[in-house]
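As the structure lists them, so they are numbered: ligands from 1, and atoms in each ligand from 1. Only this structure's heavy atoms are used, side chains among them; waters, hydrogens and symmetry mates stay out. Here the structure is a predicted model, which is why all the values come from computation and not from measurement.
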Amino acid sequence: MIITGLRGVGKTVLLGEFRALAEEHAWIVVELEASKNDDAGFRRVILSQLKSALLRLSPRARWTDAMHRAASVLTSFNASVDPSGAVQLGWDIEPAAGYADHADLGLDLTDVLVALGGVARGKNVGVVLLIDEIQFLNTLQLEALIQAIHRLVQRKPPVTMIGAGLPQIAELVGDAKSYAERPF
Ligand SMILES: Nc1ncnc2c1ncn2[C@@H]1O[C@H](COP(=O)(O)OP(=O)(O)O)[C@@H](O)[C@H]1O
Ligand SMILES: [Mg+2]
């Protein structure tokens, strides 16, 4: 879902309501406030949020195979912003070769969200990404996000996204991917 409206109509307040509802149902909430970031910065924000989502889904001592797999996919995703190793992630987990290492933000983001979705499905817990100020994403970042969400919609894991932004985002989303009208 994407909520659009002029400044001050209550989009951020509404996202907060969604957060409260999700928490009531013991869903994992991933909150991002989009900003004018380069793609490395965007990856870093996604990384730190998805890492903490993964750890909230399950403490490391009780990781299942799906959790290890999702952590490896995140390690791969991290490699493009942190080639020297797991500085940011702070864990010593081998990257998953062939996943989230495409040097393409859309494909990489798809891989991490699908892996996270696998964990969420296994634990029967919902995950919601709440993204505020979504109009600050650049075209590539927005396309990547739409591509990843589109793939998620097809696979039906219990992961969903609610974005909020200024009215022009409707057009930007439509331009970004012609199939965007379907998932949103
Ligand atoms: N349903 C509401 N009832 C009362 N005040 C509201 C409501 N929604 C928003 N507001 C107030 O309006 C202001 C702007 O809301 P905000 O969510 O920040 O708008 P936006 O994110 O769309 O720019 C805030 O001060 C908020 O407290
Ligand atoms: Mg706001």
Side-chain angles (χ1 to χ4, degrees), residues 1-57 74 77-78 80-81 88-89 100 104-117 119-120 125-154 156-184:
M1 180 190 296
I2 294 190
I3 303 163
T4 63
L6 295 174
R7 255 187 216 299
V9 297
K11 299 181 297 297
T12 300
V13 169
L14 196 52
L15 282 183
E17 290 293 320
F18 279 116
R19 180 186 55 231
L21 277 172
E23 283 171 348
E24 251 172 56
H25 291 85
W27 281 30
I28 303 291
V29 179
V30 178
E31 281 184 292
L32 301 171
E33 183 167 325
S35 58
K36 289 194 166 147
N37 239 328
D38 61 9
D39 296 335
F42 179 69
R43 277 182 187 257
R44 276 192 204 99
V45 172
I46 296 268
L47 255 175
S48 82
Q49 291 298 322
L50 293 187
K51 180 195 173 187
S52 62
L54 204 57
L55 292 171
R56 277 181 278 152
L57 274 162
L74 265 186
F77 189 77
N78 183 53
S80 60
V81 284
Q88 291 204 55
L89 283 168
D104 176 293
L105 190 57
L107 294 175
D108 292 355
L109 196 56
T110 300
D111 284 349
V112 288
L113 288 181
V114 166
L116 184 71
V119 174
V125 169
V127 175
V128 60
L129 313 180
L130 300 177
I131 309 183
D132 205 357
E133 306 288 2
I134 201 166
Q135 75 280 350
F136 285 137
L137 298 182
N138 68 30
T139 310
L140 189 120
Q141 294 161 357
L142 195 60
E143 276 191 10
L145 193 62
I146 291 166
Q147 183 183 345
I149 297 295
H150 182 66
R151 178 57 67 84
L152 279 178
V153 168
Q154 292 170 331
K156 300 188 173 33
V159 178
T160 191
M161 183 200 88
I162 304 168
L166 296 177
Q168 70 259 30
I169 195 67
E171 200 179 330
L172 290 178
V173 167
D175 289 347
K177 287 279 178 202
S178 55
Y179 55 63
E181 282 164 34
R182 194 146 45 108
F184 302 118

Looking at [atom], is any protein heavy atom nearer than 4.0 Å to it?
| atom | answer |
| --- | --- |
| atom 19 (O) of ligand 1 | yes |
| atom 14 (C) of ligand 1 | yes |
| atom 26 (C) of ligand 1 | yes |

| message | Closer than 4.0 Å to some heavy atom of Arg7 - which atoms of ligand 1 meet that? | response |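 Reading through ligand 1 atom by atom, the close ones are 23 (O).
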Among all protein heavy atoms, pick out the one at the shortest distance from [atom]; state its residue, atom name and that distance to 0.1 Å.
| atom | value |
| --- | --- |
| atom 2 (C) of ligand 1 | Val13 CG1, 4.9 Å |
| atom 12 (O) of ligand 1 | Gly8 O, 3.9 Å |
| atom 21 (O) of ligand 1 | Thr12 OG1, 2.8 Å |

Can you find a pair of side-chain heavy atoms, one from [X] and one from [Y], that are under 4.5 Å apart?
| X | Y | answer |
| --- | --- | --- |
| Val9 | Leu14 | no |
| Pro157 | Leu152 | yes |
| Asp39 | Asn138 | yes |
| Leu129 | Leu50 | yes |

Whether the side chain of [X] engages the backbone of [Y] through a donor-acceptor N/O pair (distance < 3.5 Å, no angle test) should be reported.
| X | Y | value |
| --- | --- | --- |
| Gln141 | Asn37 | yes |
| Arg19 | Val128 | no |
| Lys11 | Gly163 | no |

**Q.** N or O contact, Lys11 vs ligand 1, cut-off under 3.5 Å
**A.** yes
- What about Gly10: any of its N or O atoms under 3.5 Å from an N or O on ligand 1?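 In this structure, Gly10 places an N or O atom under 3.5 Å from an N or O of ligand 1.
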